[in-house]
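In what follows, a single structure is set out as structure tokens and then discussed.
Just the heavy atoms: all of them, side chains too, but no hydrogens, waters or symmetry mates, feed the values below. A, B, ... follow the sequence lines: proteins, then strands. Residue 1 opens every chain.
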Protein chains: 2
Amino acid sequence: MNAPLSERRQAQLTALIDAAERRIAQGGAASLRARDLAADIGIALGGLYNIVADLDELLLRVSSRTLGRLGEALTATSDALPLETKDDAVNRLVAIAHAYLHFARDNLLLWRTLFELHLAEGTALPAWAADDQLRLFPHVAAPLALLVPNMDEPRQTLAARTLFAAVHGIVTLGLEERLVAVPLTALEGQIEWLVRATCRGLRG
Amino acid sequence: MNAPLSERRQAQLTALIDAAERRIAQGGAASLRARDLAADIGIALGGLYNIVADLDELLLRVSSRTLGRLGEALTATSDALPLETKDDAVNRLVAIAHAYLHFARDNLLLWRTLFELHLAEGTALPAWAADDQLRLFPHVAAPLALLVPNMDEPRQTLAARTLFAAVHGIVTLGLEERLVAVPLTALEGQIEWLVRATCRGLRG
DNA sequence: TGCAGGATTTGAACGATGTTCATTTTTGCG
DNA sequence: CGCAAAAATGAACATCGTTCAAATCCTGCA
């Protein structure tokens, strides 16, 4: 899986991920069919398994791409805002949380597959997949470091994780729609309120 | 599905839910096999579909039971604490959040199936399943009402939802273990910190 | 008691699905 | 051109959830 791929293989892999991405965006991860994907990229059914070990690996590769796009969205948001004062830090955290909400909403089914991945008991996440997740972290950690410079680094990391998780929870249940549909602006308001409240808690 | 069930049918249904609960607790919702369940309760394969419309309904019935047990756990936690002052309210919210964390940890796979339910596009959640979720709400709403009595009721409801969602997010990502395992005490600390910070935000 | 007829249970069969692998086809090179 | 290695093929397999005609059981009545 780590050996250098030939040009042709790389093109096939890209086409396969493209097709899977399209199908997931349209019908969710559960709607992926090996036969459909093979037809999509014009190869025989068995040929899939020359490109990818199984459909789980394909899900991981799509997720990797989704995480990449999410990272770009957060970067764009961060770059558009100053980060000098502590108020800047709070504003940035709010903006990043809002960007997260909007990305999730605009890429709902792809975003959901990020968390639907059920890897078997013993098997660990491949390193390239774990890296994608870790790359997101600095977006939260950087403003936080400015906000509470006195806090030791392990605590900062934990606080960043907690803040992200809290926002993630609001987004997750907010986009669920299983029970009640929460308007987008209400979600934005609640996220902003929570982020500001926790920031105030951190500062003093 | 609403017609009065005969005694025998009711016993079969209970046995079936028992078996499904055991298997989910052991291997997760994805490990449910119609053939295994039929064997577990000593009926033929096809007989399952005289008890339950499909495996999704069985998942819903197990989830209903899990939500019931979660409700009992939260009730026990609430009943053990006074609720007179605003500080009581904060303490109760912290305690409830901690109880939620522990329930999720102690019933990890059953708790996860609560959120893995993927009902098809058009079909809505049965009323009896939706009720189970709504029954949980007062546990958060009651202390909140004491904490911010001036807030109008829709805002209180939204705040309760947001607080619950935030805690839920911390619990979800904290028990994930996909990337890094967070110690239980650290999770408890972060939850308490977040709840207290948001409560301070609400009061002030 | 014996039997008719409805209710219940059965398990073989069906249609999908992911994955494998012997066979065929293509490719690359001396 | 020839031929070995690599890649592609698609039939076959094992497992699923679900269906349904047939077998079985049960119950009330003559």
Side-chain angles (χ1 to χ4, degrees), chain A residues 1-17 19-24 26-63 113 116-123, chain B residues 1-17 19-24 26-63 113 116-123:
Chain A
M1 191 152 59
N2 283 328
L5 263 42
S6 80
E7 201 173 308
R8 173 167 180 70
R9 262 297 152 72
Q10 189 57 256
Q12 280 185 321
L13 177 57
T14 301
L16 180 56
I17 299 174
E21 200 175 26
R22 257 193 314 272
R23 288 199 174 267
I24 291 174
Q26 226 279 323
S31 75
L32 277 194
R33 299 291 115 107
R35 284 163 178 80
D36 293 341
L37 292 166
D40 283 348
I41 65 175
I43 64 171
L45 175 57
L48 278 190
Y49 300 90
N50 299 327
I51 307 176
V52 129
D54 51 29
L55 289 191
D56 275 354
E57 189 199 322
L58 183 55
L59 281 182
L60 271 179
R61 304 219 104 108
V62 173
S63 290
T113 76
E116 280 175 6
L117 211 9
H118 268 302
L119 38 103
E121 191 74 21
T123 64
Chain B
M1 193 150 63
N2 282 328
L5 263 41
S6 80
E7 202 173 305
R8 173 165 180 72
R9 262 298 156 71
Q10 189 57 255
Q12 280 184 321
L13 177 58
T14 301
L16 180 57
I17 299 175
E21 199 174 27
R22 258 194 314 272
R23 289 200 174 266
I24 291 175
Q26 226 279 322
S31 75
L32 276 195
R33 298 295 113 104
R35 285 164 179 80
D36 292 342
L37 292 166
D40 283 348
I41 65 174
I43 63 171
L45 175 57
L48 277 191
Y49 300 90
N50 299 327
I51 307 176
V52 130
D54 51 29
L55 288 191
D56 276 353
E57 188 198 323
L58 183 54
L59 281 181
L60 271 180
R61 305 219 102 109
V62 172
S63 290
T113 75
E116 281 175 6
L117 212 2
H118 266 303
L119 38 103
E121 192 74 22
T123 64

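Rounded to an integer number of Å, the gap from Tyr49(A) OH to dT17(C) C1' is 9 Å. If you take CG of Leu55(A) and P of dA16(C), they are 18 Å apart, rounded to a whole angstrom. Rounded to a whole Å, the CG atom of Leu37(B) is 15 Å from the P atom of dT10(C). Summarising the geometry, the separation between CD1 on Ile51(B) and P on dG17(D) is reported as 15 Å, rounded to the nearest angstrom. As rounded to whole Å, 14 Å separates atom C1' of dT19(C) from atom CD of Glu57(A). Spacing between atom CG of Leu48(B) and atom P of dG17(D) amounts to 9 Å, rounded to whole angstrom units. Computed from coordinates, the Leu13(B) CG to dT9(C) P distance equals 13 Å when rounded to whole Å. Between the CZ atom of Arg8(A) and the P atom of dT26(C) there is a distance of 12 Å, given to the nearest Å.
Nucleic acid contact for Arg35(A): base, since at least one base atom lies under 4.0 Å from a heavy atom of the residue. In this structure, Leu32(B) reaches the sugar-phosphate backbone alone: every heavy-atom distance under 4.0 Å involves primed, P, OP1 or OP2 atoms, never a base. Across all strands, Leu58(B) comes closer than 4.0 Å to no nucleic acid atom at all (heavy-atom distances). Heavy atoms of Ile43(A) sit under 4.0 angstrom from primed sugar atoms or phosphate atoms, though from no base atom.
Not one side-chain nitrogen or oxygen of Gln12(B) sits closer than 4.0 Å to the OP1 or OP2 atom of dT8(C).
Here Arg23(B) pairs with Asp40(B) in a salt bridge; the nearest charged N to carboxylate O distance falls below 4.0 Å.
Of the listed nucleotides (dT18(D), dT9(C), dA12(D)), dT18(D) has the atom at the smallest distance from the side chain of Leu45(B). Comparing atom distances between the Asn50(A) side chain and each of dA8(D), dG11(C), dT18(D) picks out dA8(D) as nearest. Set against dG10(D), dT19(C), dG17(D), the side chain of Ala34(A) has dT19(C) as its closest nucleotide.
Atom CG of Leu59(B) is separated from atom CD1 of Ile17(B) by 11.0 Å, given to the nearest 0.5 angstrom. With values rounded to the nearest 0.5 angstrom, Ile41(B) atom CD1 is found 6.0 Å from Leu48(B) atom CG.
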Under the criterion side-chain hydrogen bond (donor to acceptor under 3.5 Å, both in side chains), I'd like the reasoning laid out for Arg9(A) against Gln12(A): C-alpha separation, chi angles, the key distance, then a yes or no. CA-CA 5 Å; Arg9(A) 262 297 152 72; Gln12(A) 280 185 321; 3.3 Å; yes
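Between Ile51(A) and Leu13(A), the closest heavy-atom pair is CG2-CA, 3.7 Å.
Side-chain to base pairing of Arg33(B) with dG17(D): no donor and acceptor N or O lie closer than 3.5 Å to each other.
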